[in-house]
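Presented below is the structure to which this report refers.
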Amino acid sequence: MRLWPQAWGAVGAAWRECFPLQGHDVARWFPGHMAKGLKKMQSSLKLVDCVIEVHDARIPLSGRNPLFQELLGLKPHLLVLNKMDLADLTEQQKIVQHLEGKGLKNVIFTNCVKDENIKQIIPKLTELIKDSYRYHRAENMEYCVMVIGVPNVGKSSLINSLRRQHLRTGKATRVGGEPGITRAVTSRIQVCERPLMFLLDTPGVLAPQIENVETGLKLALCGTVLDHLVGEETMADYLLYTLNRHGLFGYVQHYGLASACDHIEWVLKNVAVKLGKTRRVKVLTGTGNVNVIQPDYAMAARDFLRTFRSGLLGQVMLDRDLMSAC
Ligand SMILES: Nc1nc2c(ncn2[C@@H]2O[C@H](COP(=O)(O)OP(=O)(O)OP(=O)(O)O)[C@@H](O)[C@H]2O)c(=O)[nH]1
């Protein structure tokens, strides 16, 4: 929902122009234990005809792992931009053009919760595999596809969604709201009868080095890293900065705030009060300890992030800054 900002600052000078990025050690946010998963993926590559890379449609231009291209780039590649229900795709054409410019010619936007656009995937994979050289697998009528991507983008959900669509059968792989649910490369999971197609689910693997702090914050907002590693209040502040800059003021109505505002402390205080999330803290005064009730900023930040991720604050394009630079 887009409303006009009310009451905050002078008209036209309302929102922060940039987010303070100094003082953040992005290397600490992203655990470096993912090399093992990548090695296993590489060793399974000889069994594979094609690779599906799943990424979050809210960050179509940033946060992908460049090692995928380096290590698995020999195989035909389909980029699935998932969670399209949460993404502002007003400029979808521009995104596609930008990706094409980077050599990514096969892109499909999906929603694995509602099975949107899932039916486009098998025909596309079949076409890609038929057009490619399959080495020793040329006579093999079974197709095997590896699903890769950074954590929590919906790789397992995609496999389950394909099974629902093509086999009318249920879950084969675990799905979860936190990163790191899939821990190892799975054994083959059938997703289609004609053509006979199997998928390999893999653990999410982040780049060993995140390009910059802002990319780190975007990846964190999309839930690719455990929130506490970044800090919920920092993430909430980056979210507020983004929503305000994009004119997405749905949070004002959602939390019944008096106005939009760019101060995270004020917003979290009011969110906490609205939600009744307060905590008792001991304060040392000249006459001894006094218990005071304070808004629970951490709980409010958690709720703000959860509400955003569920889509209740509107669809967002976190890479909008990169698109205008295209
Ligand atoms: N809104 C929305 N949520 C989705 C979509 N696809 C998946 N999810 C949710 O995203 C979360 C992560 O999904 P998973 O399928 O476990 O993601 P993954 O990439 O396999 O995760 P890892 O195993 O951690 O790498 C779950 O809460 C899913 O319900 C989608 O298209 N839209």
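Order of listing sets the numbers, starting from 1, for every ligand and every atom in it.
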TODO: List every atom of ligand 1 that sits less than 4.0 Å from any heavy atom of P151, numbering the atoms from 1 in the order shown and giving each element.
DONE: 25 (O)

Task: Set of ring pair (Phe, Tyr, Trp, His ring centres under 6.0 Å) partners for H166, sequence neighbours left out - done: none

TODO: Name the option, out of K114, K155, R309, M84, that contains the heavy atom nearest to atom 19 (O) of ligand 1.
DONE: K155

Open item on the list: So, applying side-chain contact (heavy atoms from CB on, under 4.5 Å) with K155, which one of V153, N152, I159 is it?
Closed with: V153

Task: Per-atom contacts, ligand 1 versus G204 - under 4.0 Å to a heavy atom - done: 25 (O)

Open item on the list: Check E127 with K130, please: is the shortest side-chain N to carboxylate O separation under 4.0 Å?
Closed with: no

Task: Closest candidate by heavy atom, reference atom 13 (O) of ligand 1, pool S157, S161, S310 - done: S157

Open item on the list: Please evaluate residues N160 and S157 with respect to the criterion side chain to side chain donor-acceptor pair (under 3.5 Å), reporting the C-alpha separation (whole Å), side-chain torsions for both, the decisive distance (0.1 Å), and the verdict.
Closed with: CA-CA 5 Å; N160 292 333; S157 301; 5.7 Å; no

Task: Residue portion contacting ligand 1 (non-hydrogen atoms closer than 4.0 Å) for D85 - done: side chain

Open item on the list: Please determine whether a side-chain nitrogen of the Lys or Arg among K114 and D85 lies less than 4.0 Å from a carboxylate oxygen of the Asp or Glu.
Closed with: no

Open item on the list: At under 4.0 Å between heavy atoms, is it the side chain or the backbone of L86 that contacts ligand 1, or both, or neither?
Closed with: side chain

Task: Test ring pair (Phe, Tyr, Trp, His ring centres under 6.0 Å) applied to Y238 - qualifying residues, sequence neighbours left out - done: F19, Y241

- [ ] For ligand 1, find out whether one of its N or O atoms is nearer than 3.5 Å to an N or O atom of C112.
- [x] yes

Open item on the list: Pairs of nitrogen or oxygen atoms closer than 3.5 Å, one from T110 and one from ligand 1: do any exist?
Closed with: no

TODO: Please determine if D303 and K274 form a salt bridge, counting it only when a charged side-chain N lies under 4.0 Å from a carboxylate O.
DONE: no

TODO: Taking only heavy atoms of N111 into account, list the atoms of ligand 1 that are under 4.0 Å away from them.
DONE: 30 (C), 31 (O), 32 (N)

